[in-house]
Amino acid sequence: MNYTSFNKNEEFFVDMQRCIGCKACELACAECETNGQESMIHVNYVDRATTVQTTVQVCMHCDDPVCANVCPADAISKDEFGIVHTANTERCIGCSNCVMACPFGVPKKEENYDLMMKCTMCYDRTSVGKKPMCATVCPSGALFYGTKDEIQEMRPNSTPVNSFVFGKEIVNTKVNIMMPKGSTELIIY
């Protein structure tokens, strides 16, 4: 693969309020040959008993990925582009440490494979200059892959945020969540 075409200016943006629960992102992700036809992105209901509001869950590709830090088999790696890769099948021991440690609840242990699997931001595509599958099919614009200038033009009343506060811990990520204009971080209680 020619990794020199990777555009470091393009980023992933998630606008939770735009998710309509269509699951087009899940279907597109499952079509990827490298996923074994499993979706690495998940659409969840916020509170199904009281609302139809859905939210999309993608790997946030943390600057200091706790999933990789707690892996006793050194199966999870982060590359020079900031992509945190799914577990290496030859190294993963299926212990689920990464599943329990992720503050965003992203990695899933696929029991059929006894392996952790998660979004890799379609590395096979983004490394050669293409957009992630989920972002290319999202009809509502909840998922967008492009530059900060593009997203600011599209959403002038929003600000991309990639700093998350969990109690005393601050987690910075490669993926941005769209927040009200002027926001600098998302505090999670």
Side-chain angles (χ1 to χ4, degrees), residues 1 5-62 67 81-87 98-99 102-113 115-162 164 173-180 186 188:
M1 257 187 218
S5 63
F6 192 88
N7 185 348
K8 291 183 182 181
N9 293 325
E10 288 187 313
E11 298 180 45
F12 201 95
F13 302 90
V14 179
D15 192 336
M16 299 294 185
Q17 294 183 5
R18 290 179 165 263
C19 182
I20 59 173
C22 69
K23 299 192 177 197
C25 57
E26 285 185 351
L27 295 171
C29 184
E31 287 182 16
C32 180
E33 296 171 4
T34 59
N35 296 350
Q37 298 181 336
E38 299 283 342
S39 179
M40 300 297 111
I41 188 171
H42 304 283
V43 174
N44 302 307
Y45 284 93
V46 174
D47 182 2
R48 194 168 189 175
T50 61
T51 180
V52 295
Q53 177 66 49
T54 53
T55 184
V56 65
Q57 185 180 31
V58 299
C59 179
M60 300 301 287
H61 298 280
C62 300
C67 60
F81 302 114
I83 304 298
V84 180
H85 293 274
T86 199
C98 56
V99 174
C102 176
F104 299 102
V106 170
K108 305 285 186 226
K109 181 179 177 190
E110 293 296 334
E111 295 296 335
N112 293 343
Y113 308 115
L115 176 71
M116 179 280 278
M117 297 177 79
K118 64 164 211 59
C119 160
T120 59
M121 203 179 296
C122 284
Y123 190 73
D124 57 328
R125 294 175 55 83
T126 54
S127 64
V128 294
K130 295 180 180 180
K131 296 182 183 305
M133 287 295 290
C134 59
T136 65
V137 300
C138 182
S140 65
L143 303 173
F144 178 75
Y145 188 78
T147 65
K148 280 196 174 167
D149 288 340
E150 289 173 320
I151 197 73
Q152 286 174 345
E153 185 176 316
M154 290 169 46
R155 312 260 166 66
N157 296 322
S158 298
T159 299
V161 171
N162 67 345
F164 303 87
T173 65
K174 184 172 182 60
V175 175
N176 299 274
I177 299 293
M178 299 307 292
M179 297 287 295
L186 176 58
I188 300 168

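The basis for the numbers below is simple: all heavy atoms, side chains too, and nothing from hydrogens, waters or symmetry mates.
T126 contributes a side-chain N or O that, together with a main-chain N or O of M121, makes up a donor-acceptor pair within less than 3.5 Å. S39 contributes no side-chain N or O that, together with a main-chain N or O of A30, makes up a donor-acceptor pair within less than 3.5 Å. Judged by distance alone, with hydrogens and angles left aside, the side-chain atoms of E26 form a donor-acceptor pair with the main-chain N or O of V43 at under 3.5 Å. K148 places no side-chain N or O within donor-acceptor distance of the main-chain N or O of P160, the cut-off being under 3.5 Å. Side-chain atoms of H61 come within 3.5 Å of backbone atoms of V84 as a donor-acceptor pair (strictly under, hydrogens ignored). Side-chain atoms of R125 come within 3.5 Å of backbone N or O of K131 as a donor-acceptor pair.
Side-chain contact between T54 and K23 is absent, with no heavy atoms from C-beta onward closer than 4.5 Å. Between C29 and M133 the shortest side-chain heavy-atom distance does not fall below 4.5 Å. For the pair F144/E150, a side-chain contact is recorded, criterion being any heavy-atom separation below 4.5 Å from C-beta on. Here the side chains of K174 and N162 are not in contact, with every heavy-atom distance at 4.5 Å or above. When side chains are defined from C-beta on, C122 does not count as touching F12, because their heavy atoms never get closer than 4.5 Å.
Nearest approach of E11 to N176, heavy atoms of both residues: OE1-ND2, 2.8 Å. Of all heavy-atom pairs spanning V161 and L186, the tightest one is CG1-N, 3.9 Å. Taking every heavy atom of both residues into account, C98 and P107 meet most closely at O-CG, 3.8 Å. Minimum heavy-atom separation, A142 to C19: CB-N, 3.6 Å. Among all heavy-atom pairs drawn from V137 and A24, the shortest one is CG2-O, 3.5 Å. When every heavy atom of G141 is checked against every heavy atom of D15, the shortest pair comes out as O-CB, 4.3 Å.
For H42, there are no ring pair (Phe, Tyr, Trp, His ring centres under 6.0 Å) partners, not counting sequence neighbours. For K108, there are no salt bridge (Lys or Arg N to Asp or Glu O under 4.0 Å) partners two or more places apart in sequence or in a different chain. Scanning for ring pair (Phe, Tyr, Trp, His ring centres under 6.0 Å) contacts around F164 gives F104, with sequence neighbours left out.
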Note to self: R18 vs R155, test: side-chain contact (heavy atoms from CB on, under 4.5 Å). Steps then yes/no.
What the structure shows: CA-CA 12 Å; R18 290 179 165 263; R155 312 260 166 66; 2.9 Å; yes
Next item on the list: Show your reasoning for whether side-chain contact (heavy atoms from CB on, under 4.5 Å) applies to M40 and T120.
Entry: CA-CA 8 Å; M40 300 297 111; T120 59; over 6 Å; no
Note to self: Evaluate L143 against I41 for side-chain contact (heavy atoms from CB on, under 4.5 Å), listing each step before the verdict.
What the structure shows: CA-CA 11 Å; L143 303 173; I41 188 171; 3.8 Å; yes
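A distance of 11.0 Å separates CD1 in I151 from OG1 in T159, rounded to the nearest 0.5 Å. The structure places CD of Q152 at 8.5 Å from OG1 of T147, a figure rounded to the nearest 0.5 Å. Rounded to the nearest 0.5 Å, atoms NZ (K118) and CD (E110) are 13.5 Å apart. The CG atom of L27 sits 12.0 Å away from atom CD of Q37, with the distance rounded to the nearest 0.5 Å. T86 OG1 to E38 CD: the interatomic distance, rounded to the nearest 0.5 Å, is 11.0 Å. With values rounded to the nearest 0.5 angstrom, M117 atom CE is found 13.5 Å from K109 atom NZ.
The aromatic rings of Y123 and F81 sit tilted, their planes meeting at an angle between 30° and 60°.
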